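Report on the following structure.
Here is the naming used below: chain letters follow the sequence lines, and residue numbers restart at 1 for every chain. Please read all numbers here as calculations on a predicted model, not as lab measurements. Values reported hereafter were calculated over all heavy atoms of this structure, with side chains retained and with hydrogens, waters and symmetry mates removed.
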2 protein chains.
Amino acid sequence: MPFSLILNNIAKHIHLTNDEQDIFTAYLQSKTIKRKQFMLTDGDICKYSIFVTSGCLRGYTVDKSGIEHVLSFAPPGWWIADMYSLISQKPGILNIETLEDTEVLLLSKVNQEKLYLQIPKFEHFFRVLVENSLVASQQRLIDSLSLTAEERYNNFCKRYPTLIDHLPQKQIASYIGVTPEFFSRMRSVMVRKR
Amino acid sequence: MPFSLILNNIAKHIHLTNDEQDIFTAYLQSKTIKRKQFMLTDGDICKYSIFVTSGCLRGYTVDKSGIEHVLSFAPPGWWIADMYSLISQKPGILNIETLEDTEVLLLSKVNQEKLYLQIPKFEHFFRVLVENSLVASQQRLIDSLSLTAEERYNNFCKRYPTLIDHLPQKQIASYIGVTPEFFSRMRSVMVRKR
DNA sequence: TTCTTTTCTTAATCTACATCAAGTACCCTC
DNA sequence: GAGGGTACTTGATGTAGATTAAGAAAAGAA
């Protein structure tokens, strides 16, 4: 069943009865997307929380000089959305794109709110989820203020071990906040150091 | 009454009966702190969410070169805590210090959890609060990746209009992520531009 | 008040990283 | 297996902001 990953994920934080599991999964919409497709683009209103069951996505913004900044990668078992737009239902600034062929489960904002009313435990689940995102986001902000590019790269390797050999270098460069040229040079220096 | 600010704050998101208000305020602990006192230091386990009723606090980390990085200011009406430590109950990395004589209300983690059980609406309230923090934190990360120091300063002025003339420049410099020297120079250039 | 400490300014020099440019190694697709 | 993107490398030069240093101004403490 395609739901085992998401249900195990939830079971880490709240216990659902079989009936509740059925209610929940009925609210989900399953989707398969080819690589390099957009699930959301700059200016869209974000209507869904996306849960990844296979493949990988990235969320990024484009600044006024046209440079892309990757905010997050979403390998299997992770959620991704434009939180600003999802909450406010105003046009967002995030682009969400598949990096390879990908399967996702969509939970619409409308269904998410029904879920809060029907099964209040989900308020708890999503609160915990958002708390963890907040901690990660704050830590990344601290890192970007206080670490060198090389240290940020080492942190990235720890945080996303499955992604390193699996992702174009320019995407990693964008995530840690340097140009692909500098990233390439930095890596060759790191290899020489050993 | 010292509770009107916090109750109005909550009323923006959930409705509480008079009884519920009483339960809630009974969980709060009121405190007055002189300026330059620490409410939390690096390595402490964070036991409280802090709500500011008057004065001002700042939360900052110190990196390995000894440089301080301000993560947030907390003027009246704002919450502040070391979220990582509060959630995990492990030693945190944040220092929380009063910038002037300050009055706060403390909600202990223990009481917060009792509140979730007794008045489940508070799950909703704190979920929304954390969601908003997450959006702000992500926006600040995007800003730090894509804007110049001058643009970040302009954003700061919009976000914290009450604080600008009221806060030592070095604190603002630390928040936007530059040295006090560079900040001073930048401001004099900005004045000349007009 | 005077003394001490902290904050702010200005200037010279330095560095991590960006930009521009050109070449090389890949895949994909037909 | 030839052509055309896209990804990666390497080098020369440019720049935002850091560092160091020293003096001026402001704010607390006594």
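Taking the side chain to side chain contact (heavy atoms under 4.5 Å, CB included) definition, one finds that B:Val135 meets it with A:Met83, A:Tyr84, A:Ile87, sequence neighbours left out. In this structure, the side chain to side chain contact (heavy atoms under 4.5 Å, CB included) partners of A:Lys36, at least two apart in sequence or on a different chain, are A:Glu97. Remark: A:Asn111 pairs with A:Tyr27, A:Leu107, A:Ser108, A:Lys114 by the side chain to side chain contact (heavy atoms under 4.5 Å, CB included) rule, at least two apart or across chains. Remark: B:Phe24 pairs with B:Phe122 by the ring-ring contact (aromatic ring centres under 6.0 Å, His included) rule, at least two apart or across chains. Taking the side chain to side chain contact (heavy atoms under 4.5 Å, CB included) definition, one finds that B:Ile45 meets it with B:Lys47, B:Ser85, B:Gln89, B:Pro91, sequence neighbours left out.
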What string of B, S and - do you get for nucleotides 25-30 of chain C 5' to 3' if you count protein non-hydrogen atoms under 4.0 Å? ------
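A salt bridge links B:Glu113 and B:Lys109; the closest N-O separation between the charged side-chain nitrogens and carboxylate oxygens is under 4.0 Å. Between A:Glu131 and A:Arg127 there is a salt bridge, with a side-chain nitrogen of the basic residue lying less than 4.0 Å from a carboxylate oxygen of the acidic one.
Contacts between residues 166-181 of chain A and DNA chain C, defined by a heavy-atom separation below 4.0 Å, involve A:Gly177, A:Val178, A:Thr179, A:Glu181, listed by number. Listed in residue order, the members of residues 55-71 of chain B having a heavy atom less than 4.0 Å from DNA chain D come to none.
Between atom CG of residue B:Asp82 and atom CG of residue B:Asp42 there is a gap of 9.0 Å, rounded to the nearest 0.5 Å. B:Ser72 OG to B:Ile80 CD1: the interatomic distance, rounded to the nearest 0.5 Å, is 3.5 Å.
Atom CZ of B:Phe183 and atom C1' of C:dT7 are 13 Å apart (whole Å). In this structure, A:Phe182 places its CZ atom 14 Å from P of C:dT15, rounding to the nearest Å. Atom CD in B:Glu97 sits roughly 13 Å away from atom C1' in C:dT6 (whole-Å rounding).
Within the structure, salt bridge (Lys or Arg N to Asp or Glu O under 4.0 Å) contacts touching residues 8-20 of chain A (residues at least two apart or in different chains) are A:Glu20-A:Lys121. Within the structure, side chain to side chain donor-acceptor pair (under 3.5 Å) pairs that include any residue of residues 164-176 of chain B comprise B:Arg58-B:Gln171, B:Glu100-B:His166 (at least two apart or interchain).
Axis orientation changes by 50° from one end of the helix from C:dT1-D:dA30 to C:dC30-D:dG1 to the other, with each end axis drawn from 5 pairs and the value rounded to 10°.
Side-chain rings of A:Tyr48 and A:Trp79 stay apart, their centers remaining 6.0 Å or farther from each other.
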Derivation of the side-chain contact (heavy atoms from CB on, under 4.5 Å) call for B:Ile96 and B:Leu94: CA-CA 6 Å; B:Ile96 297 180; B:Leu94 214 63; 4.1 Å; yes
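Cluster annotation: B:Leu99 and B:Phe156 are assigned to the same hydrophobic cluster (Ile/Leu/Val/Met/Phe/Trp/Tyr, side-chain heavy-atom contacts under 4.5 Å, transitive).
If you find the closest nucleotide of DNA chain C to B:Arg185 and to A:Met186, the one lying nearer the 5' end belongs to B:Arg185.
Of the N and O atoms on the side chains of A:Asp143 and A:Gln139, at least one donor lies less than 3.5 Å from an acceptor on the other residue.
A 4.0 Å heavy-atom criterion places the boundary nucleotides of DNA chain D facing chain A at D:dA7 to D:dA12, written 5' to 3'.
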